[in-house]
Engineer: 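The following block contains the structure, expressed as structure tokens.
First listed ligand is number 1; within each ligand, the first listed atom is number 1.
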Amino acid sequence: MSAKWYTCESRGNNVKVLVCDSYETLSKKAAGILAGIVNVKPDAVLGLATGSSPVGTYKELIKLYEAGLLDFSKVRTYNLDEYYPLAPENDQSYHYFMNVNLFDHVNIDKESVHVPDGNAADMNEACASYEAMLNEIGGVDIQVLGIGGNGHIGFNEPCDEFVGPTHVVSLTESTIQANSRFFEKIEDVPTKAISMGIGSIMKAKKILLVANGAGKAEAIAKTLEGPIVPQVPASILQLHPDVTIIVDEAAAAGLKEYHA
Ligand code: GLP
């Protein structure tokens with residue numbers, strides 16, 4: 001298990017980057033950061049993400065819980081996004097994903113779990129009430145993020161301007177294609193979602209992004225070393241004061257500063 005820290009300064013920012021020798025190392029390191037926050041602050045508010053990238057991190061958190069090293073009883077969580085329309089009980093929903101991959105295995109109070117309502121009759125109202133909740137807590141203590149191959153975070157797809165609050169998103173063809181691997185057929189992938197906006201994400205006190213595999217290399221390079229543009233939504237993270245990005249060697253392949 002080896003990992004190397006460096007601080008990415010190529011665009012004048014100070015993002016902490018940890019390049020790991022394997023997905024397992026990456027997952028252990030990310031879980032260690034989250035566990036540290038919960039141990040220091042038992043009622044921490046965690047912003048959580050779905051997708052395959054953080055699954056290993058959640059597995060490691062479960063292990064820490066099972067070993068008696070982590071207590072979720074006072075933790076509150078807010079998830080980034082949810083497909084629309086999709087009921088929380090649907091096994092393709094992100095709510096279901098979180099239950100299966102984390103919540104069902106730890107002692108979290110399900111009343112403390114929040115996922116945007118993919119079943120709401122009025123999606124704009126669902127977005128507004130989710131954003132109001134985020135404002136009320138004044139930003140999560142740490143926001144976990146994955147990243148799409150096109151640089152999206154949450155479901156903030158590349159577009160012509162950054163969208164601030166929680167909003168309804170039309171998914172791009174490339175994201176529908178990428179996410180179809182979890183569905184029986186591509187026609188089953190919802191074309192819309194409710195997602196925290198860039199502003200909602202940037203309110204987090206700390207950001208932890210995990211990415212692995214060659215398919216993320218270009219997005220990671222653009223995020224860290226490219227211009228801050230809405231066409232690469234994750235590039236906005238360069239403006240956040242406390243960002244940690246944990247990647248494996250494959251996802252770090254395009255980072256010039258790391259390989260210099
Ligand atoms: C989805 C999610 C994102 C996630 C992305 C990458 O689109 N909405 O939050 O980061 O997929 O997923 P994966 O980690 O499976 O590559």
Side-chain angles (χ1 to χ4, degrees), residues 20 23-24 26-27 30-31 46-60 77-86 88 90 92-98 100-102 114-118 127 130 134 140 142-159 163 166-183 186 188-198 200-202 204 207-224 232-237 243-248 250-253:
C20 300
Y23 178 66
E24 195 192 345
L26 173 161
S27 301
L46 308 181
L48 298 177
T50 53
S52 51
S53 310
V55 168
T57 304
Y58 298 151
K59 281 204 175 96
E60 295 298 330
T77 66
Y78 288 82
N79 257 77
L80 272 176
D81 49 11
E82 178 60 286
Y83 286 116
Y84 189 92
L86 215 53
N90 187 304
Q92 297 295 354
S93 76
Y94 281 169
H95 202 139
Y96 189 93
F97 174 102
M98 289 307 303
V100 170
N101 286 290
L102 181 63
H114 306 84
V115 182
D117 185 1
C127 293
Y130 203 70
L134 293 172
V140 298
I142 183 165
Q143 176 66 56
V144 177
L145 295 176
I147 186 169
N150 62 4
H152 75 243
I153 45 176
F155 267 134
N156 292 276
E157 297 278 22
C159 60
V163 181
T166 302
H167 59 293
V168 177
V169 186
S170 292
L171 304 182
T172 63
E173 271 314 306
S174 71
T175 297
I176 292 174
Q177 188 73 46
N179 291 2
S180 66
R181 67 190 192 279
F182 300 114
F183 292 78
I186 193 161
D188 294 343
V189 186
T191 55
K192 287 194 186 311
I194 294 177
S195 178
M196 279 192 202
I198 293 295
S200 337
I201 292 170
M202 292 292 277
I207 298 222
L208 173 63
L209 187 150
V210 289
N212 61 291
K216 301 294 169 68
E218 193 186 338
I220 288 294
K222 285 182 175 169
T223 295
L224 281 166
V232 183
S235 63
I236 194 82
L237 299 178
V243 182
T244 299
I245 295 190
I246 308 188
V247 289
D248 66 356

Engineer: The test is side-chain contact (heavy atoms from CB on, under 4.5 Å); show your working for Val144 and Leu46 and say whether it passes.
Structural biologist: CA-CA 8 Å; Val144 177; Leu46 308 181; over 6 Å; no
Engineer: Could you find the nearest protein heavy atom to atom 14 (O) of ligand 1 and give me its residue, atom name and distance?
Structural biologist: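 I find the closest protein heavy atom is Ser53 OG, 2.5 Å.
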Engineer: Looking only at non-hydrogen atoms, which of Thr50, Ile153, Leu48 approaches atom 4 (C) of ligand 1 most closely?
Structural biologist: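 Selected option, by shortest heavy-atom distance: Thr50.
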Engineer: Examine Tyr83 together with Phe183 and report whether their ring centres are nearer than 6.0 Å.
Structural biologist: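 Under 6.0 Å, so yes.
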Engineer: Working to the nearest 0.5 Å, report the span between CD1 of Ile147 and CD1 of Ile220.
Structural biologist: 4.5 Å
Engineer: Tell me the nearest of Gly146, Gly154, Gly51 to atom 9 (O) of ligand 1, using heavy-atom distances.
Structural biologist: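 Ranked by closest heavy atom to atom 9 (O) of ligand 1, first place is Gly154.
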Engineer: If you count the atoms of ligand 1 from 1 in the order shown, which ones are under 4.0 Å from a heavy atom of Tyr94?
Structural biologist: 1 (C), 2 (C), 8 (N)
Engineer: Among all protein heavy atoms, pick out the one at the shortest distance from atom 5 (C) of ligand 1; state its residue, atom name and that distance to 0.1 Å.
Structural biologist: His152 NE2, 3.6 Å
Engineer: Is the closest heavy atom of Arg181 to ligand 1 under 4.0 Å?
Structural biologist: yes
Engineer: Hey, what do you get for SG (Cys20) to CG (Asn212), rounding to the nearest 0.5 Å?
Structural biologist: 10.0 Å
Engineer: What part of Ile147 sits under 4.0 Å from ligand 1 if we count only heavy atoms: the side chain, the backbone, both or neither?
Structural biologist: backbone
Engineer: As a quick check of understanding, evaluate side-chain contact (heavy atoms from CB on, under 4.5 Å) for Ser170 and Thr191, giving each step before the final call.
Structural biologist: CA-CA 6 Å; Ser170 292; Thr191 55; over 6 Å; no
Engineer: Regarding atom 13 (P) of ligand 1: of the candidates Ala234, Ser52, Ser195, Ala211, which has the closest heavy atom?
Structural biologist: Ser52
Engineer: May I ask you to list the atoms of ligand 1 that are less than 4.0 angstrom from any heavy atom of Lys216?
Structural biologist: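 Every atom of ligand 1 under 4.0 Å from some heavy atom of Lys216: 13 (P), 14 (O), 16 (O).
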Engineer: Quickly, which of Ile194, Val169, Thr172 forms a side chain to side chain contact (heavy atoms under 4.5 Å, CB included) with Phe155? Name it, please.
Structural biologist: Val169
Engineer: Contact between Leu80 and Ile201 at the side-chain level, heavy atoms closer than 4.5 Å - yes or no?
Structural biologist: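 Yes; the side chains approach each other to less than 4.5 Å.
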Engineer: I'd like to check which ligand 1 atoms, numbered from 1 as shown, lie under 4.0 Å from a non-hydrogen atom of Asp81.
Structural biologist: 2 (C), 8 (N), 9 (O)
